[in-house]
Amino acid sequence: IGNAGLASQLEAAVKASGCYYLGFTDKCAPAGELENPLTANPEGDKRIQVVVNLNVRSEARPDAEAIGVVPGNSCVAVETCLTASDGVWCQARFGERNGWLRKSALRQNRWPVVTFVNKCETPSQ
């Protein structure tokens with residue numbers, strides 16, 4: 001699972017920029033935000049907060065079919081999360097379908113970003 005090519009692109013982008021950015025801000029995300037949210041909060045809430053408009057994928061890979069979009073500043077209850085070669089992916093239920101959200105992405109193929117954080121700070125959506 002994952003995309004080794006994307007993993008190397010992310011690694012190069014982090015090396016060039018010095019960090020993963022928190023969404024589309026100029027703030028570096030805390031190191032703990034790169035972790036699997038279910039591992040980071042084993043006893044806690046299983047909700048994440050999406051910080052950007054984020055594609056929901058049919059499978060845990062960046063080239064899988066986009067089945068929807070979660071708006072930024074939304075909270076989503078996740079069912080499972082896994083760590084792939086290109087970072088953490090979490091699966092959630094969206095109506096009648098399950099979909100996958102990728103935690104790290106490249107903005108404009110240049111800046112590494114964290115797309116969701118491990119705790120939900122806003123009401124459930």
Side-chain angles (χ1 to χ4, degrees):
I1 295 177
N3 182 314
L6 179 61
S8 61
Q9 287 177 318
L10 282 166
E11 186 178 316
V14 170
K15 193 173 191 178
S17 66
C19 72
Y20 278 86
Y21 294 101
L22 185 57
F24 297 149
T25 70
D26 62 355
K27 278 180 58 177
C28 290
E33 287 304 339
L34 296 173
E35 295 178 26
N36 178 322
L38 299 183
T39 303
N41 302 315
E43 302 295 323
D45 193 351
K46 292 187 176 184
R47 294 182 305 150
I48 58 171
Q49 184 170 348
V50 176
V51 295
V52 300
N53 291 340
L54 184 59
N55 284 334
V56 178
R57 302 280 178 188
S58 60
E59 298 176 43
R61 41 187 196 91
D63 60 347
E65 173 191 8
I67 60 173
V69 176
V70 176
N73 204 31
S74 297
C75 289
V76 175
V78 296
E79 297 179 354
T80 189
C81 296
L82 57 87
T83 302
S85 62
D86 60 349
V88 173
W89 288 81
C90 290
Q91 185 181 43
R93 187 118 184 111
F94 298 94
E96 298 295 316
R97 297 185 76 173
N98 284 331
W100 290 90
L101 304 170
R102 182 172 64 183
K103 183 155 192 146
S104 55
L106 277 176
R107 181 176 183 212
Q108 297 178 339
N109 291 320
R110 183 174 176 186
W111 297 287
V113 298
V114 169
T115 61
F116 61 80
V117 295
N118 294 340
K119 286 185 177 177
C120 182
E121 301 294 334
T122 61
S124 288
Q125 301 266 331

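Values below: all heavy atoms of this structure, side chains included; hydrogens, waters and symmetry mates excluded.
A distance of 9.5 Å separates CH2 in W89 from CD in E59, rounded to the nearest 0.5 Å. Expressed to the nearest 0.5 Å, how far CZ of R61 lies from CG of D86 amounts to 11.0 Å. Here CD of E33 is found 13.5 Å from OH of Y20. Values are rounded to the nearest 0.5 Å.
Residue V114 is tested with L34, V51, V52 for a side-chain contact (heavy atoms from CB on, under 4.5 Å); the sole match is L34. Partner of C81 under the side-chain contact (heavy atoms from CB on, under 4.5 Å) criterion, out of N36, I48, T39: N36 alone.
Identified under the disulfide bond (SG atoms under 2.5 Å apart) test for residues 30-66, with sequence neighbours left out: none. Residue pairs satisfying the salt bridge (Lys or Arg N to Asp or Glu O under 4.0 Å) criterion with at least one member in residues 7-28, sequence neighbours excluded, are absent. For residues 95-104, the side-chain hydrogen bond (donor to acceptor under 3.5 Å, both in side chains) pairs, not counting sequence neighbours, are R93-N98, K103-N118. Listed by first and then second residue, the disulfide bond (SG atoms under 2.5 Å apart) pairs involving residues 41-70 amount to none (not counting sequence neighbours).
Considering only residues two or more places apart in sequence or on other chains, E35 meets the salt bridge (charged side-chain N to carboxylate O under 4.0 Å, His left out) condition with none of them. Residues passing the side chain to side chain contact (heavy atoms under 4.5 Å, CB included) test with C28 are C19, sequence neighbours excluded. Applying the side chain to side chain contact (heavy atoms under 4.5 Å, CB included) criterion to A66, with sequence neighbours excluded, gives N55, R57. Among residues two or more places apart in sequence or in another chain, the side chain to side chain contact (heavy atoms under 4.5 Å, CB included) test is passed with F94 by V56, V70, V76, A92, L101. For E65, there are no side chain to side chain donor-acceptor pair (under 3.5 Å) partners two or more places apart in sequence or in a different chain. Scanning for side chain to side chain donor-acceptor pair (under 3.5 Å) contacts around R110 gives an empty result, with sequence neighbours left out.
Between A105 and L10, the shortest heavy-atom contact is O-CD2, 3.7 Å. The two residues A77 and R47 come nearest to each other via the heavy atoms CA-CG, 3.9 Å. Counting all heavy atoms, side chain and backbone alike, F24 lies closest to R107 at CD2-CD, 3.3 Å. Between I67 and G99, the shortest heavy-atom distance links the atoms CD1-CA, 4.0 Å.
Looking only at distances, no side-chain donor or acceptor of N53 sits under 3.5 Å from a matching main-chain atom of P71.
Follow the hydrophobic side-chain contacts under 4.5 Å out from V69 and you never reach L54; the two are in separate clusters. Residues V117 and V113 are members of one and the same hydrophobic cluster, defined by side-chain heavy-atom contacts under 4.5 angstrom among Ile, Leu, Val, Met, Phe, Trp and Tyr. Hydrophobic cluster membership differs between L22 and V88, with clusters built from Ile, Leu, Val, Met, Phe, Trp and Tyr side chains linked at under 4.5 angstrom.
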